[in-house]
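Here the structure is laid out as structure tokens; the discussion comes afterwards.
This one's a predicted model, so the numbers in the text were calculated from it and none came from an experiment.
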Amino acid sequence: MSIINFTPLSGAHNEDALCYLLEIDDYKIMLDCGWAEPFKEEAIAPLKNYCQHVDAVLLSHPDLLHLGALPYAVSKYGLDCKIYGTTPVYQMGQMFLYDAHQSRHSEEDFESFNLDDIDTAFSRGRFVDMKYQQIVELEGGITIQAHQAGHMIGGTVWKIKKDTEEIVYAVDYYHSKERHLNPSVLESLNRPTILITDSLNAQRKRQSKRNEVNQALVDNIRTTLREDGDVLIMSDTAGRVLELLQVLQYAWSREPGLAAYKLILFNNCCGSMLRFAKTLVEFMSKTLQSMLERDMVNPFDMPSVLPVQSMAEFNKIPGKKVVLASMDGLSSGFGRELFMRWAGEAKNLVVFTGRPPVGTLGRDLVDNKCDRVLTLDHRRRVPLQGAELEAYNEEQRLQEEMDAEVARGEEVGDGGTGMMDVDGDDVTGDADTDDEGSGVGNAELLKHDIMAPQLTKASDKFFKQTKAFDMYPCVEEKRRYDAYGEVIRAEDFALETHGDGSKDPTAMDTGDAADDSAGDAALKKEVPTKCVTSKVTVEIRCKMYVIDFESRSDGESIARILQGVEPKAIILVHGTTDATHYLEDKCAETIERLQSVHSPKVGDTVNATSESNIYQVKLTDGLMSSLKFSRVHSLDIAWVNGVLAREETMSDGTVVPLQMPTLAEHAGRKEVVGHSAIFIGELRLADFKEILLQQTGIKAVFSGGNLYCGDTIAIKKTGHSFTLEGDVSDTFYAVRSLLYEQFAIV
């Protein structure tokens with residue numbers, strides 16, 4: 001048995017980002033590491049005291065709510081351990097973070113994390129990407145396994161196991177199939193020791209059918225476009241937006257009237273995100289997999305979708321548009337800019353596809369849908385001009401001169417312009433001339449001589465000293481490398497111009513610099529900029545439409561799923577206090593096997609050890625040799641009858657307490673009274689039906705909840721008990737024998 005402690009660091013009794021600490025004996029696992037808009041440092045302050053002691057991080061979803069704090073924790077808090085997640089979480093998680101950084105950086109001096117911090121957090125030496133069902137062994141005999149969770153691509157239900165303890169971490173799961181995702185498999189993870197799950201949707205009523213939601217969205221879009229309006233759909237960067245793209249692409253391909261309007265995917269990383277999506281079909285629904293295998297058509301080859309990564313490029317697109325923008329909290333990004341442009345027109349439509357983060361403008365609009373006037377900060381980054389630009393250039397020139405001076409000083413200090421004798425003394429004095437009569441007293445000339453002439457100086461040393469000379473001078477250029485190889489220099493690909501200023505037609509065309517995406521910003525020469533803020537008054541007159549496109553299980557489904565899982569203990573996180581208490585009471589009423597329900601607050605530690613009475617005893621050699629073990633998974637189990645001794649009598653008659661109690665055979669008794677056989681294991685009748693057919697050839701069918709084998713034998717399951725009925729025959733004994741083999745009998 002293991003001692004298990006659980007501490008919420010964020011996301012308990014509220015809807016904040018998710019981050020929890022799970023301790024199994026001395027091994028510490030961080031479950032998710034989330035941070036969301038508006039990226040306030042006090043929201044993740046509790047992580048500071050734990051990050052340096054964490055042994056592993058498990059990520060369940062690729063969005064900011066589940067991994068947004070990862071770069072900050074690595075760079076600022078010293079988080080230095082392996083990070084585990086599925087391949088889509090690895091790839092799409094970077095897209096979420098890149099987009100968030102670029103959205104904030106384009107409007108303000110965002111210093112919480114930078115692109116290098118993201119790359120460090122997701123470096124191959126640190127991040128371990130996994131496939132579903134894959135088992136990875138951690139230290140201390142702990143194993144982890146990833147299972148499908150639904151909700152987002154790569155979404156994971158984690159199964160953590162040590163010895164007999166099974167811990168399931170399942171948050172933001174969805175039980176129904178979607179266009180691009182299979183449903184969660186949480187219901188198949190039966191009878192864990194501890195289930196850690198969220199209560200976010202515990203009080204949410206049953207959702208409408210997905211086809212009805214999709215059709216309502218398309219109808220609202222169609223109506224707005226016909227009224228000469230624009231549509232802004234607020235979603236995320238690389239998660240739920242994939243399902244939206246599938247729905248809208250299907251509508252655009254089926255309705256010729258919609259094809260006349262532009263369907264735009266607008267964020268800083270949309271091009272890379274779509275490329276990644278094309279390579280991750282194996283993590284998507286069976287429908288999309290069969291489309292790729294049977295029809296040889298990638299489901300994310302979308303001719304109707306136009307990816308746009310800059311406002312300059314967007315402004316050049318004519319006509320009415322349907323725009324899918326990221327950063328649904330409207331704290332930053334292209335969505336905020338378009339909202340300020342379009343909110344004042346009654347003919348336009350703004351669609352929210354879920355609940356934005358708490359404390360953001362988007363969440364305020366969702367919770368308080370009404371016509372009103374808002375005063376917003378219009379933040380933007382503009383290039384320096386005039387005196388500011390001149391001052392910046394002068395500062396850069398002085399800095400470059402200073403760096404060059406320091407570099408020259410380092411070269412002199414390294415002996416690049418002189419020679420050292422064996423005693424380390426500088427070679428001084430007059431130098432002989434070479435064949436061409438050029439002197440070598442000048443350091444620059446000496447540096448570039450192929451063969452330096454012999455220089456001597458007065459010395460009172462007795463032994464002759466061997467001189468060292470500079471030969472074949474070579475300045476080695478330092479090359480920079482990243483995870484993809486040598487860093488590309490933009491100047492190597494710059495367009496050459498003729499005397500008249502025209503471009504060289506033979507040079508590589510890199511496009512208009514104003515239209516380059518944020519992802520290519522690192523390749524361009526840095527332009528000095530500054531951030532400016534102005535107040536903008538926005539009168540909200542546009543139509544607002546909120547649809548439930550989050551794909552999280554509703555309250556009724558959550559109760560049914562948890563009842564089927566039958567955990568021994570439940571820890572509830574991530575939900576309002578009312579929702580948490582509601583689900584706590586619901587679980588206590590409906591789950592028979594449930595022993596305890598915990599709902600800790602942020603900073604509180606719960607002791608979730610399954611057994612409060614754990615003892616260690618030492619078995620004598622005689623008793624150990626008499627045991628008959630049965631194999632159950634990775635464990636050996638036996639029934640033990642013995643006498644427990646806590647004291648030992650010494651040869652002089654003194655009684656001494658034992659350091660560890662000893663269990664020995666019964667003295668003076670050759671045989672011990674037997675016990676009823678105990679069957680250990682879990683068996684589903686549906687599985688036994690397949691086993692019966694494969695090993696004995698006996699066909700079986702279900703009727704009335706019972707399994708009928710052959711013509712005369714029936715197997716009934718009541719709770720965890722099996723009843724075998726039928727005529728005594730060879731078939732009866734064969735079925736009974738095979739049924740016994742499915743259990744360990746002690």
Side-chain angles (χ1 to χ4, degrees), residues 3-85 93 96-97 100 104 110-113 117-118 120-121 126 158 160 167 169-172 194 196-200 329 331 357-360 363 570-577 579-581 584 598-608:
I3 298 175
I4 301 172
N5 290 318
F6 180 84
T7 306
L9 305 180
S10 175
H13 286 268
N14 55 43
E15 298 181 21
D16 294 344
L18 295 81
C19 185
Y20 313 102
L21 184 68
L22 175 66
E23 300 177 71
I24 305 176
D25 294 331
D26 295 329
Y27 198 84
K28 296 177 174 60
I29 301 174
M30 182 176 285
L31 303 174
D32 285 327
C33 189
W35 197 17
E37 297 180 87
F39 297 107
K40 295 181 178 179
E41 293 187 14
E42 56 267 24
I44 58 172
L47 278 68
K48 184 176 183 179
N49 298 328
Y50 297 94
C51 281
Q52 295 184 358
H53 307 290
V54 171
D55 298 300
V57 178
L58 306 185
L59 301 177
S60 61
H61 295 278
D63 60 334
L64 298 177
L65 280 175
H66 298 85
L67 54 72
L70 207 55
Y72 192 92
V74 170
S75 62
K76 304 294 194 305
Y77 289 164
L79 180 67
D80 186 15
C81 63
K82 293 290 186 181
I83 301 169
Y84 297 87
F96 271 98
L97 289 167
R104 305 290 295 196
F110 185 66
E111 298 179 352
S112 296
F113 57 86
D117 295 335
I118 300 172
T120 301
R126 186 187 304 270
W158 286 104
I160 308 163
I167 303 169
Y169 176 61
V171 294
D172 294 334
I194 301 171
I196 304 170
T197 188
D198 64 312
S199 59
L200 185 63
S331 296
V358 176
T360 61
R363 186 58 175 265
I570 292 180
I571 299 177
L572 297 178
V573 297
H574 198 228
T576 62
T577 299
T580 301
H581 290 327
E584 189 175 2
H598 306 282
S599 56
K601 296 181 179 180
V602 173
D604 294 344
T605 299
V606 171
N607 185 346

D80 side-chain N/O to G78 backbone N/O, donor-acceptor pair under 3.5 Å: no

Tell me, do M30 and L9 make a side-chain contact under 4.5 Å, heavy atoms counted? yes

Considering all heavy atoms of both residues, which atom of A17 and which atom of S10 are nearest to each other, and what is their separation? O-OG, 2.7 Å

Who are the side-chain hydrogen bond (donor to acceptor under 3.5 Å, both in side chains) partners of N607, not counting sequence neighbours? T609

Shortest non-hydrogen separation from P600 to H598 and the atoms involved: CD-C, 3.6 Å

Residue set satisfying salt bridge (charged side-chain N to carboxylate O under 4.0 Å, His left out) with R363, at least two apart, ordered chain then number -> E15, D367

Per side-chain contact (heavy atoms from CB on, under 4.5 Å), V74 is matched among L79, I118, D117 by L79

With rounding to the nearest 0.5 angstrom, report the OG1 to NZ distance, T7 to K601. 15.5 Å

In terms of heavy-atom contacts, R104 and P38 come closest through NH2-O, 3.7 Å

Here the pair of heavy atoms bringing E37 nearest to G329 is OE2-N, 3.2 Å

Dump the intermediate steps for side-chain contact (heavy atoms from CB on, under 4.5 Å) on L21 and I29, then the final yes or no. CA-CA 6 Å; L21 184 68; I29 301 174; over 6 Å; no

Heavy atoms, side chains only, cut-off 4.5 Å: are R126 and T120 in contact? yes

Any side-chain donor-acceptor pair under 3.5 Å between S199 and T580? yes

Rounded to the nearest 0.5 angstrom, the CD1-CD1 distance for I196 and I167 is 6.0 Å

Nearest 0.5 Å please: distance from the CG atom of L47 over to the NZ atom of K76. 14.0 Å

Approximate separation, where rounding is to 0.5 Å, of Y77 OH and L70 CG: 13.5 Å

Stepwise side-chain contact (heavy atoms from CB on, under 4.5 Å) check, T197 with Y169: CA-CA 6 Å; T197 188; Y169 176 61; over 6 Å; no

Can the ring centres of F39 and Y72 be said to be less than 6.0 Å apart? no

Tell me, with the steps shown, if L31 and W158 meet side-chain contact (heavy atoms from CB on, under 4.5 Å). CA-CA 9 Å; L31 303 174; W158 286 104; 5.7 Å; no

Under 3.5 Å, side-chain donor or acceptor atoms of residues 52-61 against the rest of the protein: list the pairs with distances, not counting sequence neighbours.
{"from": "D55", "atom 1": "OD2", "to": "K28", "atom 2": "N", "distance (Å)": "2.9"}
{"from": "S60", "atom 1": "OG", "to": "D32", "atom 2": "OD1", "distance (Å)": "3.0"}
{"from": "S60", "atom 1": "OG", "to": "D32", "atom 2": "OD2", "distance (Å)": "2.8"}
{"from": "H61", "atom 1": "NE2", "to": "V171", "atom 2": "O", "distance (Å)": "3.1"}
{"from": "H61", "atom 1": "NE2", "to": "D172", "atom 2": "O", "distance (Å)": "3.3"}

To the nearest 0.5 angstrom, please state how far the CD1 atom of I44 sits from the CH2 atom of W35. 4.0 Å

Verify the ring-centre separation between H574 and H66: is it less than 6.0 angstrom? no

When every non-hydrogen atom of A608 is compared with those of I194, the smallest separation belongs to O-CD1, 3.2 Å

Pairwise distance CG(L97) to CG(L67) - rounded to 0.5 angstrom: 5.5 Å

Ignoring hydrogens, what is the shortest heavy-atom contact between Y50 and P46? Give both atom names and the distance. CD1-O, 3.2 Å

